[in-house]
Amino acid sequence: MADRPLNGHRVLALVTNYGVEQDELLVPLKRLREDGADVTVAAAEAEPVQTLVGDKDPGEVVEPDATFDVVDPGDHQLLLLPGGTLNADQLRLDDKALALVKAFASSGRPIAAICHGPWTLVEADLVRAKTLTSYPSLRTDILNAGAASWVDKSVVSDSEGGYTLVTSRTPDDLDDFLGAVGKALVGS
């Protein structure tokens, strides 16, 4: 349909193969695709992605479209970093994932991270002078990494430092998060 607001826009979602929070991946995939975006799920390995519910219960399994080592970040307009404690902890230690994250920021394209997703941004040294939110337990990590401030809001968009960063706290904030992601994507 030609009237879908994100027609022609491309999103890259980075996940590890185990531990991404189910709703933080599946809800954005569904909504962005319904709005016309082409979403690529890139995982560390070409194996199925096991999502979790609440960091403990097995959720749905997702087939990745690509792996970190073959995906071209230049083919996408926005980077999505879903949370899940295990996912985010593994993602921030993956050099290929960090290179993709840095490529987005250095090119000025927007990045959207929810819940524990900002841990990857901390590791990539991309939160300096930014105002953002996250799952509350990341507050100290984010501030110690040089963020201007951490706020307890459902969604925060910050365009300082050469790229737009959209952050959110938990799956409860997905409606606000996805509204801001859509705005960042259309403006990219």
Side-chain angles (χ1 to χ4, degrees), residues 1-15 20-43 49 51 62-68 70-84 87-88 91 97-122 124 126-127 129-135 147 151 153-188:
M1 292 180 359
D3 62 345
R4 296 189 301 176
L6 301 180
N7 274 350
H9 295 282
R10 299 195 50 159
V11 175
L12 176 61
L14 293 185
V15 297
V20 64
E21 183 66 29
Q22 176 179 276
D23 286 352
E24 293 172 11
L25 176 61
L26 296 183
V27 172
L29 288 179
K30 180 179 186 277
R31 293 258 306 270
L32 291 167
R33 287 175 175 160
E34 285 174 351
D35 285 346
D38 178 10
V39 184
T40 300
V41 176
V49 173
T51 70
V62 176
E63 291 296 328
D65 302 302
T67 57
F68 299 161
V70 299
V71 72
D72 182 354
D75 288 344
H76 302 85
Q77 295 163 291
L78 182 137
L79 178 64
L80 175 65
L81 298 171
N87 174 67
L91 200 61
L98 291 173
L100 291 166
V101 172
K102 290 175 184 179
F104 268 84
S106 68
S107 69
R109 288 172 289 156
I111 298 173
I114 186 167
C115 200
H116 285 79
W119 256 347
T120 306
L121 302 170
V122 167
L126 294 175
V127 300
K130 293 278 195 187
T131 296
L132 64 153
T133 193
S134 66
Y135 192 76
V151 294
K153 291 184 178 179
S154 63
V155 68
V156 175
S157 291
D158 186 319
S159 296
E160 294 297 318
Y163 75 99
T164 298
L165 175 60
V166 177
T167 53
S168 198
R169 300 174 299 195
T170 71
D172 293 338
D173 301 324
L174 278 166
D175 286 338
D176 292 342
F177 178 65
L178 291 169
V181 167
K183 287 178 185 173
L185 186 56
V186 171
S188 66

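Each residue takes its place number in the sequence, starting with 1.
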Check: [X] side chain, [Y] main-chain N or O, donor-acceptor pair, under 3.5 Å:
X: D158; Y: L132; value: no
X: S168; Y: S154; value: yes
X: E24; Y: G83; value: yes

According to side-chain contact (heavy atoms from CB on, under 4.5 Å), who are the partners of [X], at least two apart in sequence or on a separate chain?
X: A124; answer: L98, V101, K102, L126
X: V39; answer: V11, L29, L32, R33, A37
X: T67; answer: A46, D69, V70
X: D172; answer: T170

>> With side-chain contact (heavy atoms from CB on, under 4.5 Å) as the criterion, how do Y163 and I111 come out once you've worked through the C-alpha distance, each side chain's angles and the decisive distance to 0.1 Å?
In response: CA-CA 8 Å; Y163 75 99; I111 298 173; 3.8 Å; yes

Value rounded to 0.5 Å, distance of [atom1] in [X] from [atom2] in [Y]:
X: L25; Y: I114; atom1: CG; atom2: CD1; result: 11.0 Å
X: T131; Y: L165; atom1: OG1; atom2: CG; result: 9.5 Å
X: L100; Y: L79; atom1: CG; atom2: CG; result: 7.5 Å

> Do T133 and T167 have a side chain donor and acceptor closer than 3.5 Å?
Replying inline: no

> Is there a side-chain contact between P28 and L178 (heavy atoms, below 4.5 Å)?
Replying inline: yes

> Under a 4.5 Å cut-off applied to non-hydrogen side-chain atoms, are E21 and P171 in contact?
Replying inline: yes

Taking side-chain hydrogen bond (donor to acceptor under 3.5 Å, both in side chains) as the definition, give me every residue that meets it alongside [X], ordered by chain and number, with sequence neighbours left out.
X: T40; answer: H76
X: K153; answer: none
X: S134; answer: W150

What pair of heavy atoms forms the shortest contact from [X] to [Y], and how long is it?
X: F177; Y: A113; result: CE1-O, 3.7 Å
X: A43; Y: P64; result: CB-CB, 3.8 Å
X: A103; Y: S106; result: O-OG, 3.3 Å
X: A88; Y: T120; result: O-OG1, 4.1 Å
X: L12; Y: F104; result: CD2-CE1, 3.9 Å

Which residues share a salt bridge (charged side-chain N to carboxylate O under 4.0 Å, His left out) with [X], sequence neighbours left out:
X: E160; value: none
X: R31; value: D175
X: D35; value: none
X: D72; value: none

>> Under the criterion side-chain contact (heavy atoms from CB on, under 4.5 Å), I'd like the reasoning laid out for V155 against V166: C-alpha separation, chi angles, the key distance, then a yes or no.
In response: CA-CA 7 Å; V155 68; V166 177; 3.8 Å; yes

> How far apart are the C-alpha atoms of V15 and L91, what are their side-chain angles, what is the distance that settles it, and do they pass the side-chain contact (heavy atoms from CB on, under 4.5 Å) test?
Replying inline: CA-CA 7 Å; V15 297; L91 200 61; over 6 Å; no

> Given Q77, which of H9, R10, R109 fulfils the side chain to side chain donor-acceptor pair (under 3.5 Å) condition?
Replying inline: H9

>> Set out, in order, the CA-CA distance, both residues' side-chain angles and the distance that settles side-chain contact (heavy atoms from CB on, under 4.5 Å) for L26 and V62, then state yes or no.
In response: CA-CA 9 Å; L26 296 183; V62 176; 3.5 Å; yes

>> Suppose we screen for ring-ring contact (aromatic ring centres under 6.0 Å, His included). Which residues come up paired with F68, at least two apart in sequence or across chains?
In response: none

